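Written out below as structure tokens is the structure these notes cover.
Both backbone and side-chain heavy atoms feed into the values below; hydrogens, waters and symmetry mates do not. Predicted model, so just to flag it, every value in this text is computed and none were measured. FYI, the numbering just counts along the sequence from 1.
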Amino acid sequence: MDALCLDLPAGFEPFAGAGPFFSVLGPLYRRRTEDGRSVLGLRVAAQHANHIGVAHGGMLTTLADGALGINLSRHPRYNRPLVTVNLNTDFLSSAQLGEWLEARVEFRRLGGRLAFADCLIGAGERLVLRATGVFAVADTGRKPAGDA
């Protein structure tokens, strides 16, 4: 077992089901909630840091965008890929090396073609990032990948 897996909060398991680009953030972890959503987890490591030694805003934005897309594409209403139309982010505090981050998604409006949702990334009780996103149903004919 990977040494990083030993330091996981309860319920989290390794997660690799979000595609090749998103996997570069790794290692990523997922915990499923009672309502079927995926909470994504990540321990901030050196590869996530910017030049001042805190989590890079682009990494945090990628984590939020991925968490939103994963949860929306696996929602029973869609069960197929959705793509980002618009993403707004507010950086509320910095994330330090070694901190455990969790990305949680709340659905706001699920339409036939567009979905609106929010993502909060936190380190413990402290909010690090708030993102609001608009996603569109992708017309690819594919099912979401990696939903084991």
> Can you check side-chain contact (heavy atoms from CB on, under 4.5 Å) on Glu106 and Arg37, steps first, answer last?
Replying inline: CA-CA 9 Å; Glu106 290 294 325; Arg37 293 181 210 188; 3.4 Å; yes

> Would Val128 and Phe91 show up in the same hydrophobic cluster when neighbours are defined by side-chain heavy atoms closer than 4.5 Å?
Replying inline: yes

> Same cluster for Leu63 and Val54 if Ile/Leu/Val/Met/Phe/Trp/Tyr side chains link at under 4.5 Å?
Replying inline: no

> So which of Asp118, Thr89, Asp90 actually passes side-chain hydrogen bond (donor to acceptor under 3.5 Å, both in side chains) with Arg130?
Replying inline: Asp90

> Got a donor-acceptor contact below 3.5 angstrom from the Arg30 side chain to the Leu40 backbone?
Replying inline: no

> In Å and rounded to the nearest 0.5 Å, what is the CE to CD1 distance from Met59 to Ile121?
Replying inline: 7.5 Å

>> Given 3.5 Å as the limit, does a donor-acceptor pair link the side chain of Asn50 with the main chain of Gly53, or not?
In response: yes

>> Nearest 0.5 Å, please: how far is CG in Leu82 from CD1 in Ile70?
In response: 12.0 Å

> Which word best sums up how the rings of Tyr29 and Trp100 line up, parallel for under 30°, tilted for 30 to 60°, or perpendicular for over 60°?
Replying inline: tilted

> Given Val105 and Leu72, is the side-chain contact (heavy atoms from CB on, under 4.5 Å) satisfied, shown in steps?
Replying inline: CA-CA 9 Å; Val105 171; Leu72 287 166; 5.5 Å; no

> Quick one: does Ser93's side chain have a donor or acceptor within less than 3.5 Å of a partner on Leu127's backbone?
Replying inline: yes

> Ignoring hydrogens and geometry, is there a side-chain-to-backbone donor-acceptor pair from Asn71 to Ser38 under 3.5 Å?
Replying inline: yes

> What is the minimum heavy-atom distance between Leu101 and Leu60, and which atoms define it?
Replying inline: CD1-CD2, 3.6 Å

>> Check whether Arg77 reaches the backbone of Ala115 with its side chain - one donor and one acceptor, N or O, closer than 3.5 Å.
In response: no

> Would you find a donor on one side and an acceptor on the other, under 3.5 Å apart, between the side chain of Arg126 and the backbone of Ser94?
Replying inline: yes

> Between Leu87 and Gly133, what is the shortest heavy-atom contact and its length?
Replying inline: CD1-CA, 4.1 Å

